[in-house]
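Single-structure report; data block below.
Position 1 is the first residue of the sequence, and the numbers go up from there. Worth knowing before you read on, the calculation uses all heavy atoms, side chains too, and leaves out hydrogens, waters and symmetry mates.
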Amino acid sequence: MEEASPEPSVSFWSQISTFKTRAWEAYKRKSTSHWVLLFLSSAAMLVAFPASSILSRLYYSNGGTSEWIVSWVAVAGWPLTALMLFPTYFFSKTLPTPLNLKLILSYIVLGFLSAADNLMYAYAYAYLPASTAALLASSSLVFSALFGYLLVKNKLNASIINAIVFITAAMTIIALDSSSDTYGNITTSQYIMGFIWDILGSALHGLIFALSELVFVKLLGRRSFHVVLEQQLMVSLFAFVFTTIGVIVSGDFQGMKSEAKNFKGGSTSYILVLIWSAITFQLGVLGATAVLFLASTVLAGVLNAIRVPLTSIAAVILLHDSMSSFKILSLVVTFWGFGSYIYGSSSLSKESS
């Protein structure tokens, strides 16, 4: 009796052909406007977020000294969300979500936490190079997974736990490089404080992400595009109110005129940095919101993984940040962690579908 010959393995080109067929089928299932909006949203994440990080560091490098102003600028672009929200009511023929006491209180709490989060990141960028701050901020993915598991009961699998371990290791690698990663006018204690503020800001960001998801699950019960934008608008508005109070009470708002005069490039450069900081940060947030709604958390994770090295490379080119072997290793480990998280999230999505 002759032995059965083994089945030929699927060739590389047949796999490519299968992928192309599936991609084309996925493309045809959605309208052209969907893909155009997804492309623009993805581009906003990949361009606006790194630009916002660079501008925050540029503010300090050129003579800015107020962490309150940086955090205030981060939410000053909230009217952009309103400009995008109002037309959705007309085109989708829907009405605004009715507000109740619980929903308003949740927006106030999230707004306060967002204001605190922005202030922590502002302190981080005051003391850290932009490339380092961006790498440390990627740890928010770890805290999002942990808080999502604890508060929203999101599932964890081996790949996501592996991602948590790798990203934590990447943060440790950066800590080992503090001696060669500081600006000349930044002391070691200030660098350590910037490191701590960045990690705390990332932890709070992860908590905000989980609480926002909890609001959708418990209070809203739906996740349409205009509802997502409504939450983003209300949270940004309350964060703006809290931050405005802080910037006035601290006296930094009254000191903006003198700070502008001493800014490198003069008052015009000062105003442009602040305006573009507000615009880019809000566009990045809107892009991320749209990607989550139009695609999935997996694609948002992919784009987040890509924007971390983009920010680091831009900081090296534009701000002349150092790129030591420790930082390169940390970047590689972080990227690996993101890849593991994306794989784990994709597996969970397939199990639930």
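- A side-chain donor-acceptor contact under 3.5 Å links Tyr59 to the backbone of Ser66.
- Side chains of Leu229 and Leu233 form no contact here, defined as non-hydrogen atoms less than 4.5 Å apart.
- Atom CD1 of Ile164 and atom OH of Tyr149 lie 10.5 Å apart (nearest 0.5 Å).
- The shortest side-chain heavy-atom distance between Phe338 and Val308 falls under the 4.5 Å cut-off.
- Here the side chain of Tyr60 pairs a donor or acceptor atom with the backbone of Ala122 at under 3.5 angstrom.
- Under a hydrophobic-cluster definition in which Ile, Leu, Val, Met, Phe, Trp and Tyr are linked whenever side-chain heavy atoms come within less than 4.5 Å, directly or via other members, Val165 and Ile173 are assigned to different clusters.
- Partners of Phe112 under the ring-ring contact (aromatic ring centres under 6.0 Å, His included) rule, at least two apart in sequence or in another chain, are Phe242.
- By the 6.0 Å and 45° rule, Arg57 does not stack over the aromatic ring of Tyr125.
- Taking hydrophobic clusters as Ile, Leu, Val, Met, Phe, Trp and Tyr residues chained together by side-chain heavy-atom distances below 4.5 Å, Trp72 does not share a cluster with Val241.
- For Asp321, the side chain to side chain donor-acceptor pair (under 3.5 Å) criterion is met by Ser131, Tyr183, not counting sequence neighbours.
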Show your reasoning for whether side chain to side chain contact (heavy atoms under 4.5 Å, CB included) applies to Ser312 and Leu135. CA-CA 8 Å; Ser312 298; Leu135 277 169; 4.1 Å; yes
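- The shortest heavy-atom contact between Ser330 and Ala170 is OG-O, 2.9 Å.
- Of the possible donor and acceptor atoms, one in the side chain of Asn118 sits under 3.5 Å from a partner among the backbone N and O of Ser114.
- In the hydrophobic clustering of ILVMFWY residues, with side-chain heavy atoms under 4.5 Å counting as a link, Leu40 and Leu80 come out apart.
- In this structure, the ring-ring contact (aromatic ring centres under 6.0 Å, His included) partners of Tyr89, at least two apart in sequence or on a different chain, are His226.
- Inter-residue side-chain proximity for Met171 and Thr334 is flagged as met; some heavy-atom pair is nearer than 4.5 Å.
- Side-chain contact of Gln232 with Ser236: a donor-acceptor pair under 3.5 Å is present, judged by distance alone.
- To the nearest 0.5 angstrom, Phe263 atom CZ is 7.0 Å from Leu274 atom CG.
- Among Lys257, Glu259, Lys264, Lys261, the single residue meeting the side-chain hydrogen bond (donor to acceptor under 3.5 Å, both in side chains) criterion with Tyr270 is Glu259.
- In this structure, Thr168 has no side chain to side chain donor-acceptor pair (under 3.5 Å) partners at least two apart in sequence or on a different chain.
- Leu46 has its side chain out of reach of Pro50: every pair of non-hydrogen atoms, C-beta onward, lies at least 4.5 Å apart.
- Looking at heavy atoms from C-beta onward, Lys218 lies out of side-chain contact with Ser106 at the 4.5 angstrom threshold.
- Side-chain atoms of Thr243 never come within 3.5 Å of backbone atoms of Phe240 as a donor-acceptor pair (strictly under, hydrogens ignored).
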Test side chain to side chain contact (heavy atoms under 4.5 Å, CB included) on Asn62 and Ser269; report intermediate values, then the result. CA-CA 9 Å; Asn62 286 4; Ser269 297; 5.9 Å; no
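- In terms of the ring-ring contact (aromatic ring centres under 6.0 Å, His included) criterion, residue partners of Tyr123 (sequence neighbours excluded) are, by chain and number, Trp197.
- A tilted orientation is assigned to the rings of Trp336 and Phe166, their planes being inclined by 30° to 60°.
- The CG atom of Leu272 lies 11.0 Å from the OG atom of Ser267; values are rounded to the nearest 0.5 Å.
- Between the side chain of Ser250 and the backbone N or O of Gly246 there is at least one donor-acceptor pair closer than 3.5 Å.
- Taking the side chain as every heavy atom from C-beta outward, Met120 and Asp198 never approach each other to under 4.5 Å.
- The hydrophobic clustering, which links ILVMFWY residues whose side-chain heavy atoms are closer than 4.5 Å, places Val273 and Ile271 together.
- Side-chain atoms of Gln190 come within 3.5 Å of backbone atoms of Thr187 as a donor-acceptor pair (strictly under, hydrogens ignored).
- Taking hydrophobic clusters as Ile, Leu, Val, Met, Phe, Trp and Tyr residues chained together by side-chain heavy-atom distances below 4.5 Å, Ile245 does not share a cluster with Leu119.
- A donor-acceptor contact under 3.5 angstrom links the side chains of Thr132 and Lys327, judged on distance only.
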Derivation and outcome, side chain to side chain contact (heavy atoms under 4.5 Å, CB included), residues Ser202 and Tyr121: CA-CA 8 Å; Ser202 299; Tyr121 278 132; 3.3 Å; yes
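- No donor-acceptor pair under 3.5 Å is formed between the side chain of Asp252 and the backbone N or O of Ile248.
- For the atom pair OG (Ser53) and CG (Leu58), the distance works out to 12.0 Å, reported to the nearest 0.5 Å.
- Distance CG/Leu141 to CD1/Ile160: 8.5 Å, rounded to 0.5 Å.
- A heavy-atom distance below 4.5 Å is found between the side chains of Leu110 and Gln231.
- Residue Glu230 forms a side chain to side chain contact (heavy atoms under 4.5 Å, CB included) with just one option from Leu85, Leu103, Thr88, and that option is Leu85.
- Taken from CD1 in Ile208 to CG in Leu113, the straight-line distance is 5.0 Å, to the nearest 0.5 Å.
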Val73 and Phe281: side chain to side chain contact (heavy atoms under 4.5 Å, CB included), yes or no, with the steps? CA-CA 9 Å; Val73 165; Phe281 185 85; over 6 Å; no
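- Residues Gly284 and Met45 come closest through the heavy atom pair O-CG, 4.1 Å.
- Residue pairs meeting the side chain to side chain donor-acceptor pair (under 3.5 Å) criterion with at least one partner in residues 273-288, sequence neighbours excluded, are Thr81-Gln282.
- Between Pro129 and Leu319, every side-chain heavy-atom pair lies at or beyond the 4.5 Å cut-off.
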